[in-house]
Amino acid sequence: MSTVKIRDIRVINTNPAGANLTVVKVETTEPGLYGLGCATFTYRYKAVTSVVLDYLKPLLVGRDVANIEDLWNMMNANAYWRNGSIANNAVSGVDMALWDIKGKMANMPLYDLLGGKSREGVAVYRHADGRTYDEVVENVQKFMEQGVRHIRVQFGGYGGKASGLNTPPNSPEGVYYCPDQYMENTVKIIDYVRSKLGYGIELLHDSHERMSPINAVRLAKDLEKYHLFFLEDILSPEQEEWFRMVRQQCTTPIAIGELFNNPREWDTLISQRLIDFIRVHISDIGGITPARKLAIFAEQFGVRTAWHGPGDVSPVGHAANIHLDLNAHNFGIQEWSGFTEQSMEVFPGSPELRNGYVYANDKPGLGIDIDEKLAAKYPCDDSVTRWTQTRLPDGTYNNP
Ligand code: MG
């Protein structure tokens with residue numbers, strides 16, 4: 001038992017790169033000793049802030065920083081009703097900060113606390129898109145020239161450039177998506193990239209849970225011959241049973257998980273070997289404590305990790321991803337959205353991409369800090385979220 005206690009818990013909201021980011025700072029009774037954690041739920045950041053300040057802070061101030069396992073379980077069930085993105089992100093902010101503090105107290109980087117490195121650098125995948133097929137190929141080549149060997153290929157984002165749709169008059173505004181056009185374009189662009197660049201690079205694709213289940217099975221079959229590294233989110237979490245049919249039909253490697261926030265969403269998929277990569281959003285499942293357990297669980301079944309790594313994870317969250325990646329034997333790949341200059345100024349010590357691999361710095365804990373004065377210069381965006389207002393050609397709402 002340590003004599004170091006939680007003295008205060010604060011929340012810092014900032015938006016240095018076009019996405020609302022939430023960072024929790026846990027301050028201790030030891031002068032100068034604090035930890036940072038990612039609690040970023042971009043589109044509901046005020047709700048997460050309230051859970052941290054109004055509910056977790058009164059629960060935790062005065063408690064020993066040492067017992068992360070106990071504190072995590074208590075935070076998780078303190079409201080009796082548990083799970084969900086708002087609650088889990090709030091818990092994650094505190095959980096990651098406690099691991100950061102533990103690393104600083106031990107004078108070890110987090111990967112060392114977890115058991116040391118399984119590799120020196122973390123292989124990442126980048127996102128290539130374009131207005132034409134040739135522009136997509138050029139963008140893939142740009143990443144290859146930077147040493148990146150895994151590239152996600154999209155054509156027109158997740159919607160496949162819907163055009164010429166016959167939509168009923170007075171249909172609501174929204175982001176219109178045509179499943180048939182999307183599927184056709186996707187097979188064509190993957191075929192085109194393979195025909196131009198061959199099979200010496202790893203290609204990935206993300207369907208963003210938009211297709212009907214039987215179309216998901218068909219796309220996985222149609223893409224089988226192109227040997228993807230993985231095909232991501234072809235089904236929504238509500239339609240998981242269909243993964244069994246995908247497995248029976250083809251060998252396209254399957255990845256899912258960024259929307260998961262309840263262990264019941266992944267336990268069957270992993271233990272019945274229905275997926276190949278688990279790619280949860282670490283803060284959305286409650287932080288480092290549940291993520292390391294999930295990685296170890298997945299390892300028993302030959303499922304690899306591919307943690308979600310978009311722009312709406314704070315650099316603190318990316319640092320947590322990288323430390324877990326460095327340690328886990330069953331690490332598969334890390335999604336990498338990259339940081340703007342402003343983000344790196346707000347978050348000194350952010351992980352760095354060099355020649356296709358990301359490296360954590362070797363400072364104790366997560367190795368990352370926040371410049372609060374600078375963070376305050378980038379206020380959060382409170383406008384209504386528009387890109388999630390996806391619709392089918394007849395105007396029906398569809399998952400984004
Ligand atoms: Mg995705």
Side-chain angles (χ1 to χ4, degrees), residues 17-19 38 40-43 85 88-89 122-129 136 139-140 143 148 150-160 175 177 179 182-183 185-186 189-190 202-211 213 215-216 219-220 223 228-240 242-243 246 252-261 265-266 269-270 274-285 291 294 298 303-314 317-318 320-321 324-325 331-338 358 385 387-390 398-400:
C38 182
T40 301
F41 180 2
T42 295
Y43 310 108
S85 296
N88 283 358
N89 270 288
V122 171
V124 297
Y125 74 87
R126 302 300 308 268
H127 301 174
D129 204 321
V136 175
N139 288 331
V140 171
F143 285 128
V148 177
H150 299 76
I151 295 150
R152 194 186 80 171
V153 172
Q154 310 286 136
F155 183 64
Y158 303 120
V175 184
Y177 158 77
Y182 160 73
M183 291 175 67
N185 280 330
T186 297
I189 187 62
I190 299 287
E202 299 283 6
L203 300 183
L204 302 80
H205 179 75
D206 184 357
S207 291
H208 232 255
E209 57 150 0
R210 289 185 176 192
M211 288 177 287
N215 277 349
L219 186 68
L223 291 174
L228 295 185
F229 186 77
F230 67 55
L231 179 59
E232 174 184 344
D233 284 0
I234 50 171
L235 294 162
S236 69
E238 293 84 358
Q239 298 299 339
E240 278 185 5
W242 286 81
F243 279 117
V246 175
T252 296
I254 297 299
I256 191 171
E258 68 191 53
L259 290 168
F260 291 175
N261 51 41
E265 291 172 308
W266 63 68
L269 291 178
I270 291 173
L274 299 174
I275 59 171
D276 301 278
F277 296 89
I278 180 73
R279 42 178 290 95
V280 301
H281 187 111
I282 298 296
S283 66
D284 199 49
I285 68 164
L294 171 54
V303 174
R304 288 181 279 171
T305 65
W307 310 131
H308 194 217
D312 49 11
V313 166
S314 75
H318 282 283
N321 283 346
L324 288 162
D325 296 338
F331 163 71
I333 193 72
Q334 179 60 57
E335 183 180 29
W336 189 250
S337 48
V358 169
T385 307
W387 73 269
T388 51
Q389 298 184 32
T390 317
N398 194 65
N399 282 339

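Bear in mind that the values here come from a model prediction, so they are computed numbers and not experimental data. First listed ligand is number 1; within each ligand, the first listed atom is number 1.
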Chemist: Using the side chain to side chain contact (heavy atoms under 4.5 Å, CB included) definition, which of the options Val280, Ile256, Ile275 pairs with Trp266?
Modeler: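 The side chain to side chain contact (heavy atoms under 4.5 Å, CB included) with Trp266 is passed solely by Val280 among Val280, Ile256, Ile275.
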Chemist: Under 2.8 Å from the Mg ion (ligand 1), which protein N, O or S atoms do you find? Ignore water molecules.
Modeler: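 For the Mg ion (ligand 1), the protein N, O and S atoms that sit under 2.8 Å away are Asp206 OD2, Glu232 OE2, Glu258 OE1.
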Chemist: How close do Pro400 and His208 get, counting heavy atoms only, and between which atoms?
Modeler: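 Result for this residue pair: O-ND1, 2.9 Å.
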Chemist: side-chain contact (heavy atoms from CB on, under 4.5 Å) between Glu265 and Glu240: does it pass, once the steps are laid out?
Modeler: CA-CA 8 Å; Glu265 291 172 308; Glu240 278 185 5; 3.9 Å; yes
Chemist: Is the distance between the ring centroids of Phe229 and Phe277 under 6.0 Å?
Modeler: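 Yes, ring centres under 6.0 Å apart.
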Chemist: Kindly confirm or rule out a cation-pi arrangement of Arg210 over Tyr182, judged by NZ or CZ under 6.0 Å from the six-membered ring centre and within 45° of its axis?
Modeler: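 Checked: cation-pi criterion not met.
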Chemist: Have a look at Ser283 and tell me which of Asn89, Asn88, Asn321 forms a side chain to side chain donor-acceptor pair (under 3.5 Å) with it.
Modeler: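 When Asn89, Asn88, Asn321 are each tested with Ser283, the side chain to side chain donor-acceptor pair (under 3.5 Å) holds only for Asn89.
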